[in-house]
There are 2 protein chains.
Amino acid sequence: MTKKRTSGTPLPRGQATRERIIGAALEAFAEKGFEGASTREIAERAGTDQGLVTYHFPSKDELWRAAAERIFGDLGKALDERVASLEFDDPKERARGVLREYVRYVARHPELFRFMVAEGNRSNARMRWIIDTYMKPRFEFMKERGVVSAAGIDESDAPYAFYAVTGAASLIFAVAPTCRRLTGVDPRKQQTIEAHADFVARLLLP
Amino acid sequence: MTKKRTSGTPLPRGQATRERIIGAALEAFAEKGFEGASTREIAERAGTDQGLVTYHFPSKDELWRAAAERIFGDLGKALDERVASLEFDDPKERARGVLREYVRYVARHPELFRFMVAEGNRSNARMRWIIDTYMKPRFEFMKERGVVSAAGIDESDAPYAFYAVTGAASLIFAVAPTCRRLTGVDPRKQQTIEAHADFVARLLLP
DNA sequence: TCGAGAACTTGTCGAATGACAAGCTACGGC
DNA sequence: GCCGTAGCTTGTCATTCGACAAGTTCTCGA
């Protein structure tokens, strides 16, 4: 039953805790930024010790990289799945569906946006790699077959559209506690998520 | 010429460095978050020593509070000035003007948005105070006499509109280096700022 | 001009940080 | 069964953190 392993392939047990650590790191990095999140806090969130974090990840940088790959990879997978399952003939209706799915995803993963904003004004090698690997394909998709073409937006406006859509869709979930106090609306409620998805879809694809 | 001072009133010289420290703190907090920004780095940005930071601000918390008051206060003042100077009869045209001024402001102060996102998911006493003091009036203004009413948006959608507008207007400037690499467009250029202002205004107030 | 106090510098403290080394445990191949 | 190693624990290191104390310099009113 057990899979044949070549030497060096991680054991399933180790993989699981490794994944837990990445998840904990993602939360911590999104909440406090790279410098603010300590490896000890990440370990505690993951239910282990600090020593184990440095065992699985030789440095904090490596852990950051793993967390970044995880969240951008997950977004890509989730969107690909949903997009494939949407069967609309009308391109605008299809774009609406994609957009609504995107809002639902960022609502469930507010750490994605916080991570983006926290790290987005650095331009080190790792950030550049993330842009080229994960973000470029999304941007090109949106430009050619997504919201931009469906909404009749000029291609030269694609950069503005990309960041306007991303910001409009995500911010409310990234600052949920603030929103609750300011407006009385709780972004964590399903009802709010759908209402915001509606609003954004109407705004961009009337 | 010199103003009469009662004992204990800070000297002008002290005020100036105090302001410089607040500015440096703002940059650092926006860039690395509260925990990630060190008082020593803030001091260096301000051109002084760490001891002087703790002299002017008894704790890092107090410094954070001063930085938050500064940036939200500045936004309020800037918008009030611009709004007062806009003389449009048509409410929609007026809302467009306000919105474009808002985009220009966040372009010049990208740290505002980074600060909001970094601190917006905490709900401590200081954040609550900032919401009640600085953000509530802005939200009410937008709802009653701003973009929401001008765009014919239902008042119950005001929360979604507020965060959609804020996010759409600001994100591109908060992650400028990323945007440059991803799209080729540099958000720091005046031309880009105006193009984004155009795009957002057309999006929300067609 | 001189004294008082604000403004600033310097040095130091315990606590927390990232990284590492030296062990211990448990699982899977033989 | 038993052995090697991946997985995990524990302890320690130099460095950096926020905070504070003590001392020096500058400014301005009298």
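Naming: A, B, ... by sequence-line order, numbering from 1 per chain. Values reported hereafter were calculated over all heavy atoms of this structure, with side chains retained and with hydrogens, waters and symmetry mates removed.
Regarding A:Leu52, its CG atom lies at a distance of 15 Å from the P atom of C:dA26, rounded to whole Å. Rounding to whole angstrom units, CD of residue B:Glu44 and C1' of D:dC17 are separated by 15 Å. Across the protein-nucleic acid pair, A:Phe34 atom CZ and C:dT17 atom P stand 14 Å apart, rounded to whole Å. Across the protein-nucleic acid pair, B:Phe57 atom CZ and C:dA7 atom P stand 12 Å apart, rounded to whole Å. The CG atom of B:Leu63 sits 10 Å away from the P atom of D:dA19 (whole-angstrom rounding). Between A:Arg40 atom CZ and D:dC17 atom P the separation is 16 Å, expressed in whole Å. Distance A:Phe29 CZ to C:dT17 P: 13 Å, rounded to the nearest Å. The CZ atom of B:Arg20 sits 11 Å away from the C1' atom of C:dC8 (whole-angstrom rounding).
Here the two rings, on B:Phe173 and B:His196, have centers that are under 6.0 Å apart.
In terms of heavy atoms, B:Leu171 sits closest to A:Gly167 at CD2-N, 3.6 Å.
The side chain of B:Lys60 lies closest to D:dA19 when the candidates are C:dT9, D:dA19, C:dT17. The nucleotide whose nearest atom lies closest to any side-chain atom of A:Asp49 is, among C:dT9, C:dC8, D:dT10, D:dT10.
Note on B:Ala43: nothing from the nucleic acid sits closer than 4.0 angstrom, heavy atoms only. The residue B:Thr54 sits close to a base: some heavy atom pair falls under 4.0 Å.
By the 6.0 Å and 45° rule, A:Lys32 does not stack over the aromatic ring of B:Phe34.
In this structure, the side chain of A:Arg100 does not engage the main chain of A:Ala201 through any donor-acceptor pair within 3.5 Å. In this structure, A:Arg96 contributes its side chain and A:Leu205 its backbone to a donor-acceptor pair below 3.5 Å.
Taking only side-chain nitrogens and oxygens, A:Thr39 comes nearer than 4.0 Å to OP1 or OP2 of C:dG18. Between A:Thr48 and D:dT9 there is no side-chain N or O to OP1 or OP2 distance below 4.0 Å. Residue B:His56 places at least one side-chain N or O under 4.0 Å from the OP1 or OP2 atom of C:dC8.
Two residues, B:Gln50 and A:Gly51, neighbour DNA chain C, and the one matched to the more 5' nucleotide by heavy-atom proximity is B:Gln50. Along DNA chain D, the nucleotide nearest B:Glu41 and the nucleotide nearest A:Tyr55 are compared for position; the residue whose nucleotide lies closer to the 5' end is A:Tyr55.
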